[in-house]
Amino acid sequence: MNLSEITNGLNDKQCQSVTLNNEKNALILAGAGSGKTKVLIHRIAYLITQKNIHIDAILAVTFTNKAATEMCERLSMLLRRPITNMWIGTFHSLAHRLLRTHYEQAQLTSNFQILDAQDQFRIIKNLMKENNIDESKFPIKKVQQFINNQKNKGIRLQDIDSSYNYFIKKSLKVFELYEVHCKTNDLIDFAELLIRSYELLKNNVNLLNYYKDLFKHILIDEFQDTNMIQYKWIKLMFSGNNKVFCVGDDDQSIYGWRGANIENITKLCTDFIPIKTIRLEQNYRSTNNIITASNALIAHNTSRMGKSLWTNASDGELIDIYEAQTEIDEANYIIRSIQKLITNGSLPNDCAILYRLNTQSRIFEKELIKYNIPYIIYGGLKFFERAEIKYALSYLRLIENSDDNLAFERVVNFPTRGIGNKTVNKIRTFAQNNHISLFQSTIQISSTLSTRTANALNGFTSLIKKMKNDTKNLDLSEKIVNLLNISGLMAHYSNDKTSNKKENLKELITEAKKYKQNNNMNEVIGFISLASIDSDSNTNALSNQNVQLMTMHSAKGLEFPYVFLSGMEEGLFSSRQSKNEPHLIDEERRLCYVGMTRAMKKLSLSYSIKRFLHGDFLYSDPSRFLSEIPDEYLNRIKVKSNIIIKSYNNNNIFQSITPKSDNQLHIGALVKHAKFGLGTVLNFEGQGNSSRVQIKFKQAGSIKWLISSYANLEFI
DNA sequence: TCACAAACCCTTTTT
DNA sequence: GGGTTTGTGA
């Protein structure tokens, strides 16, 4: 393959990044929509085909598992050959791979389990209960966060100074209990994956040297969202003989709350000398209005690395700002706008509704159903986090390893089989006292209990044994089919016509069929681990026909022709908890920037004066971010109502919407508007209720797009 | 022990 | 508003 095939279609800066020589490390500051994924993929292809780097010598880190899969697919298209077993994935999944491969040196057994956030929460909760730590004084979430924060900084329990305040002291106590629990049960939480694999390498020089030598090139996407332990991990892997290639955008750092450390970008420039910084600033995604408005917004942040997007695209339409009376009104406005777009030939999946909180999706869902528009909601409860899936996987885990206590607790009485809390408590105590698993404890204890209870317990243990036996020689998906039937899970859910739990279980079978292990990992263990780490496999075959609903966080990296940013209110976006914290407000602003720059053709913002949220009515001011976007890019829309609404900013001119009037539309027509005065029609599009008119008003020379059916225009 | 109801709690974003 | 815990009767 020759060079031109790889550099073809790249702009100067992209090309420069892709073909950077081997002398230097690289930091690619890539703005939104500047083609950074393309650069990464072409860079890998360049290294392989032009520099004879073996694919195994490349370590590529992505932000999500989905991104890794996509990159693999695109790379294999570019190289015209299948890519298998490449070292590509999230930090977590790469760390996982290392730990599975070298589990002994990491002081683990071969079937260690990964705890997701839910499991971790339950364990902490139980430990606190057992040790009489009052959860009203020490909220479990806070304690959980404390533990994860430490690990994400690479700090171990023994490194923490215990002479702190009361909360920290108590948290340390829980931390200690938790660590012991995880160790004895062979459990690894998300943060532990990172810190443990870091220590694995750090403490095994031979191993470290092997990987340092193996990975000639380390490429990292979304570098602005790396946390401290991840940074240490990269630094450890860096030998000076290999090279790092980091792509990121400090303006899109939105995971600070999860330990992401935006300073890592600046640290990179001093720790990885010599390093070449290249800025990708040409945007290929959005209209000029969207870009300049977004630039204006993000300019309000201090301490940026400095970067300014530009585009060759035309101005495009103005950015709509809709002022809603209530959240229902807001949803209704957005859904009607989408319906108009669809009637005018757009596809539902061209439209995305973005929001700050997952809970906001409910109201949109309601309206979409009302208007019979297909939609898909991303996020919220992930597929593998659903209760029915967790039950099924717990049975699978018990078949694989009967001593899995978490799995045991989840399904011992589900579907209900007469083993209540009292009995389980006895099992727990006996297990603790004798240092055995809950499953073993059950077997030993049953004869000492009443016949009824003993029967129930024996029923359960023999059920698991039977499953184990029956499924011994079956492959993964057949195992799952089998356990769903024997356990009674399928039967339990088949009576439930109101939910799609049964469909979800069937979907699990499909997922299992699709699953191929990509290294020498045990199939069942691999699948279970995948279920913990790769939570976003809720992709739906029909998703390209659906309006897309998701949080702004999960929209990162995506693009849509029509984007609706909803709930632009102080206290919601920016969020209440970031108030008075300048660095948190900055992160909210970056989130807003991310949201805005998702839009290709048209961006619509909206806020509501009154909103029902968390069971209460909220009256909020419009988001501060709205006033940070210069008025010249905005088209303010508000419903004309009998209620007089105070304008929050005297400079704002509101476009009024009133019910439909006659129209005699043609280009050049002279019109009169109640607020803007006389103007000429420059252009119009759409028909009937959905048509929009572009008018040049004499007053102030402004040009505006108005919805003709609402604009109350007088034709002269 | 179970099933249902009432009371009670929280309330950001996710690998 | 909804998930979870607690209380009640069967």
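Below, read A as the first sequence line, B as the second, and so on, with proteins coming before strands; counting in each chain starts at 1.
Residue A:Ile195 contributes atom CD1, which lies 16 Å from atom C1' of B:dT15 at whole-angstrom precision. Per the geometry, CD belonging to A:Gln144 stands 13 Å off C1' belonging to B:dT15, to the nearest Å. Between A:Phe364 atom CZ and C:dG1 atom C1' there is a gap of 16 Å when expressed in whole angstrom units. Atom CG in A:Asn149 sits about 17 Å away from atom P in B:dT14, given to the nearest Å. In this structure, A:Met550 atom CE and B:dT14 atom P are separated by 11 Å, rounded to whole Å. A straight line from CZ of A:Phe414 to P of B:dT1 spans 18 Å, rounded to a whole angstrom. For the pair A:Asn148 CG and B:dT14 P, the interatomic distance rounds to 16 Å; values are reported in whole Å.
Looking only at distances, a side-chain donor or acceptor of A:Ser608 sits under 3.5 Å from a matching main-chain atom of A:Thr326. Between the side chain of A:Asp225 and the backbone N or O of A:Ala260 there is no donor-acceptor pair closer than 3.5 Å. Side-chain N or O atoms of A:Arg410 include none that pairs as donor or acceptor with a backbone N or O of A:Leu406 at under 3.5 Å.
Aromatic ring centroids of A:His492 and A:Phe414 lie under 6.0 Å apart. For an aromatic pair to be called close, the ring centres must be under 6.0 Å apart, and A:Tyr198 with A:Phe91 fails this. Between A:Trp257 and A:Tyr255, the ring centre distance stays below 6.0 Å. Aromatic pair A:Phe564/A:Phe364: ring centres not closer than 6.0 Å.
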Under 3.5 Å, which N/O atoms of the protein pair with N/O atoms of nucleotides 3-9 of chain B?
none

Could you write out each protein N or O paired with an N or O of nucleotides 11-13 of chain B at a distance under 3.5 Å?
| from | atom 1 | to | atom 2 | distance (Å) |
| --- | --- | --- | --- | --- |
| B:dT11 | O2 | A:His614 | ND1 | 2.6 |
| B:dT12 | OP2 | A:Gln577 | NE2 | 2.8 |
| B:dT12 | O2 | A:Arg356 | NH1 | 2.7 |
| B:dT12 | O2 | A:Arg356 | NH2 | 2.3 |
| B:dT13 | OP1 | A:Asn358 | N | 3.3 |
| B:dT13 | OP1 | A:Asn358 | ND2 | 3.1 |
| B:dT13 | O2 | A:Trp257 | NE1 | 3.1 |
| B:dT13 | O2 | A:Arg356 | NH2 | 3.4 |
| B:dT13 | O2 | A:His553 | NE2 | 3.2 |

Using the 3.5 Å cut-off, write out each protein N or O paired with an N or O of nucleotides 2-6 of chain C and the distance between them.
| from | atom 1 | to | atom 2 | distance (Å) |
| --- | --- | --- | --- | --- |
| C:dG2 | OP1 | A:Arg362 | NE | 3.2 |
| C:dG2 | OP1 | A:Arg362 | NH1 | 2.4 |
| C:dT5 | OP1 | A:Lys125 | NZ | 2.3 |

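A:Phe612 comes within 4.0 angstrom of sugar-phosphate atoms only, judged by non-hydrogen atoms across all strands, and of no base.
In A:Lys267, the NZ atom is crowded: over 12 heavy atoms of neighbouring residues, nucleotides or ligands sit closer than 6.0 Å. Around the CZ atom of A:Arg576, the shell of radius 6.0 Å holds no more than 12 heavy atoms that belong to other residues, nucleotides or ligands.
B:dT13 and C:dT4 have their C1' atoms separated by 23 Å, given to the nearest Å.
Annotation: cation-pi geometry satisfied between A:Arg100 and A:Phe112 (NZ/CZ under 6.0 angstrom from ring centroid, within 45° of ring axis).
Distances shorter than 4.0 Å separate none of the side-chain N or O atoms of A:Thr64 from OP1 or OP2 on B:dT14.
Side-chain contact between A:Glu409 and A:Arg428 is present, with at least one heavy-atom pair separated by less than 4.5 Å.
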